[in-house]
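My structure is below; once you've seen it, I'll send some questions.
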Amino acid sequence: MATVVLAYSGGLDTSVAIRWIKEKYNLDVIAVTIDVGNERNMQEISDRATKIGAIKSIVVDGREDFVRYFVWPALQAGAIYEGQYPLATALARPLIARLLVEVARQEGAIAVAHGCTGKGNDQVRFDVSINTLAPDLKIIAPVREWGMTRDNEMAYAAEHNIPIKVTSASPYSVDQNLWGRSIECGILEDPWEEPPADVFDWTADPDSVTLEPTYHEITFQNGIPVALNGDEIAGYSLVEKLNSEAGKYGIGRIDHIENRLVGIKSREIYEAPAAVVLHAAHNALEGLTLSREQVRFKETVAAEYARLIYNGQWYSAQHQDLAAYVQSTQRFVSGTVRVKLSRGRCQIVGRKSEHSLYSLGLATYDSGDQFDHNAALGFIKLWALPLTTQAQAQLLPSIGFEGNLLNHNTDKVQIATKTTEKSPEA
Ligand code: ARG
């Protein structure tokens, strides 16, 4: 019989989907459980799929690939959506899509399936990625198709003897991986409501932290963290370690009203301790090693890059082009950053690099100053030249000089407009 490869999480939706797909499409289900650092017992989840009726169940450890090909490039780019969301969920989707396609090819499946609803970004990310990588594969999204409420699903599960862990009675929808935890639904749908304590799992309440501050040194090589406190450490271990260390201080809580690709505003809470610390540290090292122009232009690229990830366009030429720019900027972003963790707060307190552009001789106000103070006069003269020229020709004659030209009030601006409008007629 023809088969479909289902991204299986072990939750209610994908558990019900195993039986529903069989009934509706008459396809045998191969369940794939992908570990992107979601800290749960993957084998146990995977075994449940076969109990429910999957003909085969596979666990794929995607952690290393996730960090190497998705998390680190996003960190190097400084990709944070709308200035707030470090993109944990969004980054894992193209990897999961790729792994689904890979398994589908190995198994000779004709379709892939995922548990996304019809309202979110994730369906777009999955479908666009799968269509791009394997246009011949059919995509089945049971939750988008079946129109069942949660209660209907529970009834369906009971009817079909699908074992469901009732412990997952949480009022929230949660997605998590190494780079962060995303929480929505329930009371959080009211943007005026403060997130209750039970929303959080990775971070302590910053107000009840009693720990003394600690310092950590993060070493980067070409924009990638390679060591923590002097010890070389594998990528995902470093992220795990920082999630737990910074989490203890209540660092990394984010409350975001975000603009979904499908046009909805939604309220999501994120916990991303490691992402918050690493972005801050990486940014600090760039501050030391990139020129003013690189810093400025890279901010634009970072925003574009974040949008592209959020909007599910990972497998695109635009992505390759932006990534090429980012990689080029990282060739001198090597060095060490010292961070201080204290209640709810991650502070950058030191940075050093062999490629530092910081020159004490130029910066110092003490002896040893090498900056040419006289050259400043010539520089200022030329820098001001276009401004003084324009002020003489246009601004001073039309609005006059009353104390402070730049502090012009609206009346004056309107008068100025009238004067200039009138003059051609006169
Ligand atoms: N809003 C985030 C995104 O679009 C996370 C989506 C999944 N969130 C969840 N709680 N299930 O990337």
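Both counts, for ligands and for their atoms, begin at 1 and track the order of listing.
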Notebook entry, point to check: Do the two ring centres, one from Tyr156 and one from His160, sit under 6.0 Å apart?
Noted result: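 Ring-ring flag for Tyr156/His160: true, centres closer than 6.0 Å.
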
Margin query: How long is the straight-line distance from CD of Gln370 back to OG of Ser359, given to the nearest 0.5 Å?
Written below: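 Spacing of OG (Ser359) from CD (Gln370) equals 6.0 Å.
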
Which pairs of nitrogen or oxygen atoms, taken one from ligand 1 and one from the protein, are under 3.5 angstrom apart?
from: ligand 1; atom 1: 1 (N); to: Glu258; atom 2: OE2; distance (Å): 2.5
from: ligand 1; atom 1: 1 (N); to: Glu268; atom 2: OE1; distance (Å): 2.7
from: ligand 1; atom 1: 1 (N); to: Tyr270; atom 2: OH; distance (Å): 3.1
from: ligand 1; atom 1: 4 (O); to: Asn121; atom 2: ND2; distance (Å): 2.7
from: ligand 1; atom 1: 4 (O); to: Arg125; atom 2: NH1; distance (Å): 3.3
from: ligand 1; atom 1: 4 (O); to: Arg125; atom 2: NH2; distance (Å): 3.1
from: ligand 1; atom 1: 8 (N); to: Glu268; atom 2: OE2; distance (Å): 3.0
from: ligand 1; atom 1: 10 (N); to: Ser173; atom 2: O; distance (Å): 2.8
from: ligand 1; atom 1: 10 (N); to: Ser182; atom 2: O; distance (Å): 3.2
from: ligand 1; atom 1: 10 (N); to: Glu268; atom 2: OE2; distance (Å): 2.8
from: ligand 1; atom 1: 11 (N); to: Ser173; atom 2: OG; distance (Å): 2.9
from: ligand 1; atom 1: 12 (O); to: Tyr85; atom 2: OH; distance (Å): 2.6
from: ligand 1; atom 1: 12 (O); to: Arg125; atom 2: NH1; distance (Å): 2.8
from: ligand 1; atom 1: 12 (O); to: Arg125; atom 2: NH2; distance (Å): 3.0

Could you pull out every donor-acceptor pair under 3.5 Å between side chains of residues 54-64 and any protein atom, sequence neighbours left out?
from: Lys56; atom 1: NZ; to: Glu107; atom 2: OE1; distance (Å): 3.1
from: Lys56; atom 1: NZ; to: Glu107; atom 2: OE2; distance (Å): 2.9
from: Ser57; atom 1: OG; to: Ser46; atom 2: O; distance (Å): 2.6
from: Ser57; atom 1: OG; to: Ser46; atom 2: OG; distance (Å): 2.7
from: Asp61; atom 1: OD1; to: Arg63; atom 2: N; distance (Å): 3.1
from: Asp61; atom 1: OD1; to: Arg63; atom 2: NE; distance (Å): 3.1
from: Asp61; atom 1: OD2; to: Arg63; atom 2: NH2; distance (Å): 3.1

Item checked: Pairs flagged by ring pair (Phe, Tyr, Trp, His ring centres under 6.0 Å) wherever residues 49-75 is involved - sequence neighbours left out ->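 Listed by first then second residue: Phe70-Trp314.
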
Note to self: If the threshold is 4.0 Å, N to carboxylate O, is there a salt bridge linking Arg343 and Asp205?
What the structure shows: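 No, this pair does not count.
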
Check: Can you list every pair that meets ring pair (Phe, Tyr, Trp, His ring centres under 6.0 Å) and has a residue in residues 195-235, with sequence neighbours left out?
Finding: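 Pairs touching residues 195-235 that pass the test: Phe220-His282.
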
